[in-house]
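Read the structure below first, then the notes.
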Amino acid sequence: MSIPKIIFILPCFNEEEILHDTISKMETVLKGLISQKKIDEDSSIVFVDDGSTDSSWKMISENMTFKPFVKGLKLSRNFGHQLAIFAGMMEMKDSCDAIITLDADLQDDLDVISIMIDKFNKGNEIVYGVPQKRISESFLKRKPAQIYYKLLRLMGVDIVANHADFRLVSKKAAGILSKFKERNIFLRGIFPLMGLKSDKVEYDKAKRIGGKPKYSIFKLCCLAFSGITAFSYTPLRYITFFGFLVTIGSFIYMLYVLIAKTMGHIIPGWTSLILSIYFLGGVQIFFMGIIGEYIARIYSEVKHRPRYIIEENKANG
Ligand code: UDP
Ligand code: MG
């Protein structure tokens, strides 16, 4: 097997505090792998600037001038982590044998990259990086994440537990990804859907090397919600089921009221009436909200807007 040409894709959003460190660490990794003849000497590192407002793009551009293996893509605004990775993959997929995506804060273990490449050489189209211990994360972030992965699986979404976006993807898998036309992209749900030969590598996730996390709680919740609504119709099924139960329940209640009336009992008062109206009203609005979420997604999908816009492409040609 010939030596594969690998492109590393790192999304960056306001990462000026750590970029210098990241570039030098990635340079060591790249040069090490080239000297071990694990990857082709034309392999490169592509930073996707996801609409940073700090000097991230300036730093990437400067490095490009004297480091030929550093390349950059600048998105016109902040499209979010998933679309930044996606944009990088779509732009670079035809210039390499495989892509490795990882976060710019280098919380993922760079030592397992070489194992990923071995597994790719053995015929795997996708190699998932799976953190074993998330020591770097607080209990409040780790526990909900674990529950979330369990919930996704219960809803029938095929997902590699704990895997985020540190993965190797072959040119073929990236080509298939381009055929997925959805806008609400949840990459870790899409790759298992492809059914290609894949494997995992395990590692311990480290702490951020600097700067603050760029994923706000709100962005994280949006991503989590996309993961459910983009891959599972189970919530809609629960609504139907719940509606059925409520109908049966109300029939039983009706029987009780009729019997109570024929026996001359006093009709239950205000409180219970008002309470039930409010309760059912609340439940209905909540469920209508969920249906609305799906409709909103259909709406955004049918528009077929471009999923990302490249402002400057300093990676190709
Ligand atoms: N990121 C991005 N766009 C965003 C938010 C984050 O490109 O809107 C990048 C960020 O620069 C980093 C990666 O995505 O390289 C992961 O972000 P972060 O480390 O904040 O996430 P966490 O590790 O806390 O999940
Ligand atoms: Mg991080």
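Note that ligands are numbered from 1 as they come in the structure, with each ligand's atoms numbered from 1 the same way. No experiment lies behind these values; they were computed from the predicted model shown.
Ring-plane geometry between F186 and F231 is classed as tilted, the angle between the planes lying from 30 to 60 degrees on a 0 to 90 degree scale.
Within the structure, the side chain to side chain donor-acceptor pair (under 3.5 Å) test picks out the following pairs touching residues 84-94 (sequence neighbours left out): E91-Y308.
Heavy atoms from other residues, nucleotides or ligands lying under 6.0 Å from CG of L154 number more than 12. The environment of NZ in K5 is crowded: more than 12 heavy-atom neighbours from other residues, nucleotides or ligands sit within 6.0 Å. Counting non-hydrogen atoms of other residues, nucleotides and ligands closer than 6.0 Å to CD of Q36 gives a total above 12. Counting heavy atoms of neighbouring residues, nucleotides and ligands inside a 6.0 Å radius, atom CZ of F66 exceeds 12 of them.
Aromatic rings from Y203 and F166 are positioned such that their centres are separated by under 6.0 Å.
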Atom pairs and distances, ligand 1 N/O vs protein N/O under 3.5 Å:
| residue | atom | partner | partner atom | Å |
| --- | --- | --- | --- | --- |
| ligand 1 | 3 (N) | D50 | OD2 | 2.6 |
| ligand 1 | 3 (N) | H81 | N | 3.4 |
| ligand 1 | 8 (O) | D50 | OD2 | 3.4 |
| ligand 1 | 8 (O) | N78 | ND2 | 3.1 |
| ligand 1 | 8 (O) | K219 | NZ | 2.6 |
| ligand 1 | 11 (O) | F13 | N | 2.9 |
| ligand 1 | 11 (O) | E15 | OE2 | 2.6 |
| ligand 1 | 15 (O) | P11 | O | 2.8 |
| ligand 1 | 15 (O) | A104 | N | 2.9 |
| ligand 1 | 19 (O) | D105 | OD2 | 2.5 |
| ligand 1 | 19 (O) | R208 | NE | 3.4 |
| ligand 1 | 19 (O) | R208 | NH2 | 2.9 |
| ligand 1 | 20 (O) | R208 | NH2 | 3.4 |
| ligand 1 | 20 (O) | K214 | N | 2.3 |
| ligand 1 | 20 (O) | Y215 | N | 3.1 |
| ligand 1 | 23 (O) | Q107 | OE1 | 2.8 |
| ligand 1 | 24 (O) | K141 | NZ | 2.9 |

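For the Mg ion (ligand 2), protein N/O/S neighbours under 2.8 Å (waters excluded) are D105 OD2, Q107 OE1.
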Show, in sequence, the C-alpha distance, side-chain angles and deciding distance for H163 and K200, and conclude whether the side chain to side chain contact (heavy atoms under 4.5 Å, CB included) test is met.
CA-CA 9 Å; H163 162 69; K200 301 189 249 187; over 6 Å; no
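Remark: Y215 engages H81, Q82, K219, L220, L223 in a side chain to side chain contact (heavy atoms under 4.5 Å, CB included) (not counting sequence neighbours).
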